[in-house]
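Remarks on the structure that follows.
Sequence positions, counted from 1, serve as the residue numbers for this chain. Note that ligands are numbered from 1 as they come in the structure, with each ligand's atoms numbered from 1 the same way.
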Amino acid sequence: MAGIEPQPGIMEIALYVGGKSTVDGVSNVIKLSSNENPWGPPPMAQKAVRRVVHEMHRYPSTDHAELRAAIAEVNGLDAARIVCGVGSDEVLQFLAQAYAGPGDEVIYTEHGFAMYKILAHAVGATPIEVAETERVVSVDNILAACTERTKLVFIANPNNPTGTMIGLAEIERLAMNLPPQAILVLDGAYAEYVEGYDGGARLVDSRDNVVMTRTFSKLYGLGGMRVGWGYAPQAIIDVLNRVRQPFNLSNIALKAAEAAVRDTAFVQKSREENSRLRAWLAEALAEHGVPSDASTANFVLARFGSADEAAACDAYLQSQGIIVRRVSGYGLPAALRITVGDEASCRRVAHCIGLFKAGAR
Ligand SMILES: *Cc1c(COP(=O)(O)O)cnc(C)c1O
């Protein structure tokens, strides 16, 4: 009997579960589960938002010209080849919608970001998960998985939740050897945390098959505003702008992001404090017998002896009002992802993990 059915693939999607933000019975939780900036939103963005409240009755810009100009200026890019989205998640969605469908394959890696699989299913394409090498993306494995049906290859560099990254030479080798119908998407959600790394922007400039995505949600401290952007060859930008809704970003989001991108003092402080505290946290955890890979992002992937131990530690931390992220859904059941918070939060989470490891739970 005919009935109402969604498009193929939709029911394959496992609903996204975000980082927790509350613990029953605990006020003043320390939230280290969503890789948010511990310094809050940039002061200049807060000021810009207060100013724009008087414009809420107006429709926003459809071409995002001012925000694109600001991003281009600060990052040394061509503003015409930037597209802005409701978080970089929306830019990733434009790519899936425009370039993949039933019968096509979308590649991502073993511990890759959850959205890649969701987006592949959402457009009816076939998700192809490729093994990593000790929690690091393997270009050889990706190339071996490519077929004439491969349309998109998603890698986050640095990756979430592993915190590891691969070098530009490896990325270029991947781009050069992809089949002709495939696009390499470099998800640079954490690119700003890496000193001297352009997220792959120069590679986008020099090739026709590479797209970079970036976000205001992490280092720029605007996760709640939902603004991200993509940088791509003109031919791809012209395609993405056709599936983008004309009013996808609000006045408030546009102004906040524009101010944030120009708040260089905030950016510098966020990057420096993150590097310092990330190193401190990783070392403190190692001293308690909890190793992690060298992270290039704003979190540390803490590895425990077993899934049971990770679960027990997570429960203990919650009882102490600390929320971190379990990453079983990313194929890492024995690990916990811990956002690098401010100094007090880093000290507190390291102290509690030390107590847990010492058996004092
Ligand atoms: C957080 C994150 C994003 C993006 O988030 P938006 O808030 O949608 O910009 C994208 N990719 C990775 C790997 C992330 O961790």
Please find the pair of heavy atoms, one from Thr296 and one from Thr164, that lie closest to each other, and give the distance. OG1-C, 4.1 Å
Using 4.0 Å as the upper bound for N to carboxylate O, is an ion pair formed by Glu132 and Arg135? no
Give yes or no for whether the N/O distance cutoff of 3.5 Å, strictly under, is met between Arg226 and ligand 1. yes
Taking all heavy atoms of Arg58 and all of Asn251, pick out the closest pair and write down the distance. O-ND2, 2.8 Å
Compare Asp187, Asn298, Asn35 and give the one whose heavy atom is closest to atom 10 (C) of ligand 1. Asp187
Identity and separation of the nearest protein heavy atom to atom 4 (C) of ligand 1: Ser88 OG, 3.2 Å
Is it the case that over 12 heavy atoms from other parts of the model lie below 6.0 angstrom from the CD atom of Gln234? yes
Atom 1 (C) of ligand 1: the protein heavy-atom neighbour that sits closest, reported with distance to 0.1 Å: Lys218 NZ, 1.3 Å
Is it the side chain, the backbone, both or neither of Asp89 that has a heavy atom closer than 4.0 Å to ligand 1? both
Output the list of atoms in ligand 1 that are nearer than 4.0 Å to some heavy atom of Asn160, sorted by atom number. 13 (C), 14 (C), 15 (O)
Ligand 1 contacted by Gly87 (non-hydrogen, < 4.0 Å): yes
Counting from 1, what ligand 1 atoms have a heavy atom of Thr215 closer than 4.0 Å? 6 (P), 7 (O), 9 (O)
Numbered atoms and elements of ligand 1 in range of Ser217, under 4.0 angstrom, heavy atoms: 6 (P), 7 (O), 9 (O)
Does even one non-hydrogen atom of Tyr190 get within less than 4.0 Å of ligand 1? yes
Here the gap from Cys313 atom SG to His288 atom NE2, rounded to the nearest 0.5 Å, amounts to 10.5 Å
Give a yes or no on whether Val261 and Val194 share a hydrophobic cluster (residues Ile, Leu, Val, Met, Phe, Trp, Tyr; joining criterion: side-chain heavy atoms under 4.5 Å apart). yes
Side chain, backbone, both or neither: which applies to Glu90 and ligand 1 if a contact is any heavy-atom pair less than 4.0 Å apart? neither
Does Ala189 approach ligand 1 within less than 4.0 angstrom via side chain, backbone, both or neither, non-hydrogen atoms only? side chain
Crowded around Gln7 CD? As in, over 12 foreign heavy atoms under 6.0 Å? no
Applying side chain to side chain contact (heavy atoms under 4.5 Å, CB included) between Arg337 and each of Ser295, Pro161, Ser33, report the one that passes. Pro161
